Structures are given as C-alpha cells and as structure tokens.
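Have a look at the structure below, then the notes.
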Amino acid sequence: MTIAPVQSSPSLGSSGWTDTRLILALEEVVEKELNRHLGVAKEWMPHEFVPWSQGRDFDGVLGGEAWNVEQSQVTPLGRVSLVVNLLTEDNLPSYHHEIATMFGREGAWGTWVHRWTAEEGRHGIAIRDFLLATRAVDPVELERARMSHMSEGFESDNSHSMLHSVAYVAFQELATRISHRNTGKHAGDPLCDQLLAKIANDENLHMVFYRNLLKAALEIAPDQAMRAIADVVTNFRMPGHGIPGFERAAAQIAIGGVYNLRIHHDDVLQPVLRHLRVMEFGGLGPEGLVAQNELGVFLDGLDSQARKFEERQAALLARREARRNAG
C-alpha cells in the first residue's frame, strides 16, 4: 500500500512527514525489498557448522569434565569477541519488540519484521552451540553474562523516530556484519570462520534492505532523513553496549583489529554514505543542509581520531611484540 499523492504534494513540508505517513509511504518499497531479499537469501542450517563430535558433558549434574581455557583452539581475542557478539544476538526479544512496535506487524512491514527476527534468531543458536560443543568459553560465565545482559533488556537510542531507527539499522547491520566477519578471521578456528561468514552474509543482506529503504526515505523526506542520518552517525553506539564488561572487551577488540574507529569509519560509515551519496545529496532545505554540514565535520573529526588510534595501536602492538621476543 502507498499514498503516492501525499508523497508528491508540494505543500507537505518536512514537518508533515510523521512516522505514520512515512511507514505508509514506504510500504511499497518495503514489499519490493522484502521480495528481493527472499529471492537472494540462501537457506543454511546452523547445526551443520557445529562439531558435535567434540562435545562432552560438563561438570555439574552430569558429573562431566570442568571447563578449562586450554580445551579450545579459539584465540583469546576470538573468545572475547565471540562472547560480545553472542550476547548482542541474545537480546533479540528486545530488538524484535522495538522494531515490531515501530514498524507494525501488518503487511510487508510485518512480514519483514518476523522474517528478520527468524534469521537473526539462528545466529545466537549457532554461535552458542558452537561455543559449548567446542568448549571455547566458560559456560558458567557465559550464562551469567547472558542473564545479566538480558535482564537489563534493550532500549534503542532511536526509538523516538522511524527515520532515525531506519538510519541506525542501515549502519548497525553493516557494523555487525564486519564484527562477525573479522571475529571469524581472528578466531584461530577454520570452522568458526566458516560459521561466522554465514552469519555475516545474513547481516549484509539485512544491511542492504535497510540501506535501500533509507535511500527511498531520502527521496521522500530529504531534510528529515538527512537529519536522522547525521544524528545516528554522530551518536552511534553498538546495541551490545550494555553487556557486562563491554568497555574492557571493546578495547581488546579494537586493539586486536576486530572492530575499531578506523574500521568503523572506513568499512561501516563510508560505504553506506557513499552508496547513498549523502555528502553530494542535493535538493535540501535549510534543515537538511545544516545536518549535511554537521555530518561532514563529524566525519573529518572521526578520521582524525582514527589516525591517532592507529598510532597508539601500532605502538602498543610493538611493545607487546618486544616483550614476547625478550621473554
């Protein structure tokens, strides 16, 4: 369903585009992108990427073997990143509630919400099964962290606005894809790498859906969409920021090269912004031009921060290597 006459109405200024109007106006775009997604998404089975033959009983009720860090070939960096990625995926019930409340459960929007949730659900299933079967992490600490994180729930920074929500997930899905893909590369386990590549592919398809939806929103309500993009980019936080010990884990992940400022700037923000031609986007009113300028200034500053981070990262890694050689 669409309301094309409203889209083309010259009297409809940016203030006239309420969330309800935008959701209705974008219905046909959602249907088109949903059909495209269903046409390219490939079915895959999480259980095929779990080495069940490596599994054995843990200590406790079954009186099995207690967990020990030396029981897995996963690297320390891979272990930290896998836990962060899994705990982020675990909050799916809260994410579903957020988008179902924002986008609704009817029509193409509702079909997408449920399809997205189903695809995201297998990510947590697959990662947890892999970690437990291979004894890659302490199962007790993992469960305690899950309980703590999920007990807090999740509330989006962007739930006040439909456009802010769409802009956020366009970047966040790509950020999640990069995080999973780089985790696999640093995990030290070929099968883990294969599993996370599958998950990363799902996340990339989700990014394309939201990115294309954001592109349509820019054409319909350019000033509001530009404002939303600027706000999201300048205040971006990963959804797992509430995980216990997140700051320490994020620092390890950054130094290790899984996800850091340089990756965020070069591999997440820039690809989406370039595809949408955000910095060259014309036809903006005063509000949109202000937001576009703010975005440009922020990106320049972020690039400078990324260069400084790279210098600190190189120095730290050099010191670590020197200590290893001296030992």
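Every value quoted in this text rests on a predicted model; they were computed, and no experiment measured them. Computed over heavy atoms, backbone and side chain alike; hydrogens, waters and symmetry mates excluded.
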Side-chain (W109) to main-chain (I23) donor-acceptor, under 3.5 angstrom: yes
Exercise: identify the closest heavy-atom pair between L273 and F171: CD2-CZ, 3.8 Å
Under 3.5 Å donor-acceptor, R79 side chain and A136 backbone: yes
Criterion side-chain contact (heavy atoms from CB on, under 4.5 Å) on L82 and T183, from CA distance to verdict: CA-CA 7 Å; L82 280 162; T183 297; 3.8 Å; yes
Sequence neighbours excluded - ring-ring contact (aromatic ring centres under 6.0 Å, His included) pairs with any residue from residues 123-158: Y95-F154
By side chain to side chain contact (heavy atoms under 4.5 Å, CB included) - contacts of V40 (at least two apart): R36, L205
Any donor-acceptor pair under 3.5 Å from Q252 side chain to L77 backbone: no
CA sep, side-chain torsions, deciding dist, call: V84, I253, side-chain contact (heavy atoms from CB on, under 4.5 Å): CA-CA 9 Å; V84 169; I253 289 169; 4.0 Å; yes
Pairs meeting criterion side-chain hydrogen bond (donor to acceptor under 3.5 Å, both in side chains) with involvement of residues 46-58, two or more places apart: R56-E65
Residues which pass side chain to side chain donor-acceptor pair (under 3.5 Å) with R144, listed by chain and number, not counting sequence neighbours: E141
ring-ring contact (aromatic ring centres under 6.0 Å, His included) partners of residues 253-291, not counting sequence neighbours, each pair once: F236-H264, Y259-H264
Pairing of E143 and R128 as salt bridge, 4.0 angstrom limit: no
Audit row: F209, W112, ring pair (Phe, Tyr, Trp, His ring centres under 6.0 Å) steps and yes/no: CA-CA 10 Å; F209 178 95; W112 167 254; 3.7 Å; yes
CA sep, side-chain torsions, deciding dist, call: V166, L26, side-chain contact (heavy atoms from CB on, under 4.5 Å): CA-CA 11 Å; V166 171; L26 291 168; 5.9 Å; no
R307 with D303: basic N within carboxylate O range, under 4.0 Å: yes
Backbone of E173 reached by a side-chain donor or acceptor of E203 within 3.5 Å: no
Under 3.5 Å donor-acceptor, N201 side chain and A197 backbone: no
Side-chain ion pair, R227 and D231, N-O less than 4.0 Å: yes
Backbone N/O of S156 and side chain of E98: donor-acceptor pair under 3.5 Å: yes
Cation-pi geometry met for R237 and Y168 (6.0 Å, 45°): no
Carboxylate-amine/guanidinium contact E311 K308, below 4.0 Å: no
Non-neighbouring partners of E119 that pass salt bridge (Lys or Arg N to Asp or Glu O under 4.0 Å), sequence neighbours left out: R115
Non-hydrogen atoms of D266 and Q270 that approach each other most closely: O-CB, 3.9 Å
Connected via hydrophobic side-chain network under 4.5 Å: L284 and I220: yes
